[in-house]
**Q** 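One structure, pasted below without further comment.
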Amino acid sequence: MTHLQAGLSPETLEKAKVELKENSETLHQDIQEVRDMIITRPDIGFLRTDDAFILRFLRARKFNHFEAFRLLAQYFEYRQQNLDMFKNLKATDPGIKQALKDGFPGVLSNLDKYGRKILVLFAANWDQSRYTFVDILRAILLSLESMIEDPELQVNGFILIIDWSNFTFKQASKLTPSMLRLAIEGLQVSLVN
């Protein structure tokens with residue numbers, strides 16, 4: 001076991017080995033192979049290339065180096081293309097703060113039977129007078145960024161459940177196709193597990 005695997009329970013270490021093909025003997029080599037691909041995309045500003053950060057993407061793509069790099073590139077590309085989304089991405093931002101207070105997202109205290117963190121959104125609870133859909137998306141992205149720091153969750157993953165019942169036409173009218181696209185792309189590169 002390497003220092004990058006510290007904090008993983010014996011069960012999660014075994015799961016990482018069996019399901020993700022994580023090998024402690026080649027871990028640093030795997031990370032370096034992904035890092036070496038960065039020069040192939042000079043158009044992207046890779047703001048983080050440390051071992052622990054790259055390991056997230058390897059785990060998310062079951063140690064397929066090319067797919068892990070592709071996801072890493074998409075992650076930074078999305079951030080570069082949506083700079084306003086990530087400006088002041090803090091829980092103290094008024095819109096994010098209100099969205100988090102209203103449970104966007106709600107994070108259950110218990111894990112599912114596979115050890116995954118469960119995030120829940122009740123779409124009908126969106127109060128459009130207090131925050132925007134973009135604030136909700138930013139709150140979700142901030143929450144995911146924080147939670148993915150946990151190595152256990154990098155291996156076990158997340159589940160995002162969205163309950164659309166009682167979602168009104170008035171609420172739906174605020175969701176433009178470009179906003180929905182922004183959300184889908186953001187979730188695809190942020191839910192790296």
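Only heavy atoms go into these numbers, but all of them, side chains included; no hydrogens, no water, no symmetry mates.
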**Q** Under the salt bridge (charged side-chain N to carboxylate O under 4.0 Å, His left out) rule, collect the residues that match up with D36, sequence neighbours excluded.
**A** none
**Q** So F167 and W126, would you call those rings parallel, tilted or perpendicular, with 30° and 60° as cut-offs?
**A** parallel
**Q** Can you tell whether the side chains of K90 and D93 come within less than 4.0 Å, N to carboxylate O?
**A**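 Salt bridge: no.
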**Q** List in chain and number order the residues that pass side-chain contact (heavy atoms from CB on, under 4.5 Å) with T12, two or more places apart in sequence or in another chain; answer none if no residue qualifies.
**A**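 With neighbours one apart ignored, the set is L8, S9, E152, V155, N156.
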**Q** Just to verify, which of L153, L111, V107 counts as forming a side chain to side chain contact (heavy atoms under 4.5 Å, CB included) with F158?
**A** L153
**Q** If the condition is side-chain hydrogen bond (donor to acceptor under 3.5 Å, both in side chains), which residues does D43 pass it with, not counting sequence neighbours?
**A**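 By the side-chain hydrogen bond (donor to acceptor under 3.5 Å, both in side chains) rule, D43 matches R41.
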**Q** By side-chain contact (heavy atoms from CB on, under 4.5 Å), which residues pair with K113, not counting sequence neighbours?
**A**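 K113 satisfies side-chain contact (heavy atoms from CB on, under 4.5 Å) with no residue once adjacent residues are dropped.
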**Q** Would you please say whether a donor-acceptor pair under 3.5 Å links the side chains of Q171 and T168?
**A**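 Side chains of Q171 and T168: pair found under 3.5 Å.
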**Q** Does anything in residues 154-165 pair up under salt bridge (charged side-chain N to carboxylate O under 4.0 Å, His left out), and if so which pairs, sequence neighbours excluded?
**A**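 Of all non-adjacent pairs touching residues 154-165, none passes salt bridge (charged side-chain N to carboxylate O under 4.0 Å, His left out).
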**Q** Looking at E185 and R181, is there a salt bridge between them, counting it only when a charged N and a carboxylate O are closer than 4.0 Å?
**A** yes
**Q** Is the F53 to F76 ring centre distance short of 6.0 Å?
**A** yes
**Q** Just by distance, with hydrogens left out, do Q5 and E22 show a side-chain donor and acceptor under 3.5 Å apart?
**A** yes
**Q** Suppose we screen for side-chain contact (heavy atoms from CB on, under 4.5 Å). Which residues come up paired with L108, at least two apart in sequence or across chains?
**A** I118, V120
